[in-house]
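Each remark here refers to the structure printed beneath this line.
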Amino acid sequence: MAGCYREEVPVARGGKRQQFGSRFLSDPARVFHHNAWDNVEWSEEQAAAAERKVQENSSQRVCQEKQVDYEINAHKYWNDFYKIHENGFFKDRHWLFTEFPELAPSQNQNPLIGLLVENKSEIPQSGSCEDGPRLRIEEQHKCSLNSLSHETQMPPVEENVTKKLSQLEICADEFPGSSATYRILEVGCGVGNTVFPILQTNNDPGLFVYCCDFSPTAIELVQTNSEYDPSRCFAFVHDLCDEDKSYPVPTDSLDIIVLIFVLSAIVPDKMQKAIDRLSRLLKPGGMMLLRDYGRYDMAQLRFKKGQCLSGNFYVRGDGTRVYFFTQDELDTLFTTAGLEKVQNLVDRRLQVNRGKQLTMYRVWIQCKYRKPLLSNAS
């Protein structure tokens, strides 16, 4: 889902936050020596100027009649976008495996790690829990594949009944990927710029990827892509705000749910219920991964008067909409849905147009939230 001033991609790892790159601007006179600078700190004056700009472009709101149109016909506006751009607007997001190694866990470990774990040797970790943990692959699989574990924590009879009921629920109806051992769902998949890199990079024979978008045109482009393999992937049309339409997978069945620049495209009042429904699809120990627009991103500051729908929520010229988050807002959405924080980071990047001598300040937020393992009480 996208339009003007849409997502940009991180380019490297290393430095104080390895996910977001290692090029730091220590000398302002060198700002035009490179195309981008990482982890840029904002001055109080810059933050205040951004706040004033937002207050200015929010002072005149879109009329209620048009707001209703943008909501009712949201699918039409996105459909028109994909009809115009097809699969030529975005580049494939190969950076995802740097930011989210959970998408291809077996590709992000040394072949010797398994042996080291068996011998209880220490595996080097990169960063703290807040700065982008790299969970051991074995721990990830314990969380996701053995999601109904903790066998010694439950009375034997209750444990067996719980397991059998869970298996019956999943097996009652055959569903795409029912035999898979590692299941990933991307919501708002567009034309597959996340899905196809996952299928190309993650060669786990037990992998199955689901992807959905509420643009039929986008899904048709995914399904007709030469890389689309129905034995490993299932693409379907779905509106994540539609409370009456279920996903084609049972509850507690997904290891990973991916939300890349998609939650920002829906009405803020509907975000919580959308996350609640997605949370129920995760296995205990499963993870929700998000990257989206942060407050005062360049795109927000460039909106003109008359494009604001509500606080920090805007409509683009093509009719698609975008919200700009704070870390606390996203934390509330995920924790209210019963998920536990693993990562919640702001990525502030300075991008440079050296030809025009322009500077552009981008702000994105990246999150990882996990569904808790079954507690002793359950």
Contact between [X] and [Y] at the side-chain level, heavy atoms closer than 4.5 Å - yes or no?
{"X": "Glu227", "Y": "Leu199", "result": "no"}
{"X": "Phe100", "Y": "Ile260", "result": "yes"}
{"X": "Leu96", "Y": "Leu289", "result": "no"}
{"X": "Met288", "Y": "Leu290", "result": "no"}
{"X": "Leu330", "Y": "Asp292", "result": "no"}
{"X": "Tyr323", "Y": "Leu263", "result": "no"}
{"X": "Cys308", "Y": "Phe303", "result": "no"}
{"X": "Leu185", "Y": "Val249", "result": "no"}

Tyr293 vs Phe261, ring pair (Phe, Tyr, Trp, His ring centres under 6.0 Å): CA-CA, chis, key distance, verdict
CA-CA 7 Å; Tyr293 297 101; Phe261 297 99; 4.9 Å; yes
Pick from Lys283, Glu102, Met287: which one makes a side-chain contact (heavy atoms from CB on, under 4.5 Å) with Asp255?
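Exactly one pass, corresponding to Lys283.
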No-hydrogen, no-angle side-chain donor-acceptor test under 3.5 Å, [X] and [Y]:
{"X": "Ser215", "Y": "Asp213", "result": "no"}
{"X": "Gln366", "Y": "Asp347", "result": "no"}
{"X": "Ser58", "Y": "Tyr314", "result": "yes"}

What's the spacing between Arg291 CZ and Leu345 CG if we round to 0.5 Å?
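Spacing of CZ (Arg291) from CG (Leu345) equals 9.5 Å.
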Is a donor on one side and an acceptor on the other found under 3.5 Å between the side chain of [X] and the backbone of [Y]?
{"X": "Gln300", "Y": "Tyr296", "value": "yes"}
{"X": "Gln327", "Y": "Asn344", "value": "yes"}
{"X": "Tyr228", "Y": "Ala235", "value": "yes"}
{"X": "Gln67", "Y": "Val62", "value": "yes"}
{"X": "Asp239", "Y": "Phe214", "value": "no"}
{"X": "Ser310", "Y": "Phe313", "value": "no"}
{"X": "Ser178", "Y": "Phe175", "value": "yes"}
{"X": "Tyr210", "Y": "Pro176", "value": "yes"}
{"X": "Asn57", "Y": "Gln307", "value": "no"}
{"X": "Thr224", "Y": "Glu220", "value": "yes"}

What are the two closest non-hydrogen atoms of [X] and [Y], and how far apart are they?
{"X": "Gln272", "Y": "Thr332", "answer": "OE1-O, 3.8 Å"}
{"X": "Val222", "Y": "Val191", "answer": "CG2-C, 3.4 Å"}
{"X": "Val237", "Y": "Pro216", "answer": "CG2-CA, 3.9 Å"}

Using a strict 4.0 Å threshold on nitrogen-to-oxygen distance, state whether [X] and [Y] make a salt bridge.
{"X": "Arg362", "Y": "Asp297", "answer": "yes"}
{"X": "Lys76", "Y": "Asp80", "answer": "yes"}
{"X": "Glu71", "Y": "Arg321", "answer": "yes"}

Exactly one of Lys371, Arg280, Arg183 should register a salt bridge (charged side-chain N to carboxylate O under 4.0 Å, His left out) with Asp252. Which one does?
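For Asp252, the salt bridge (charged side-chain N to carboxylate O under 4.0 Å, His left out) check succeeds only for Lys371.
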Show, in sequence, the C-alpha distance, side-chain angles and deciding distance for Val209 and Asn202, and conclude whether the side-chain contact (heavy atoms from CB on, under 4.5 Å) test is met.
CA-CA 10 Å; Val209 180; Asn202 190 334; over 6 Å; no
Tell me whether the rings of Phe234 and Phe236 are parallel (<30°), tilted (30 to 60°) or perpendicular (>60°).
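The rings of Phe234 and Phe236 lie parallel, inter-plane angle below 30°.
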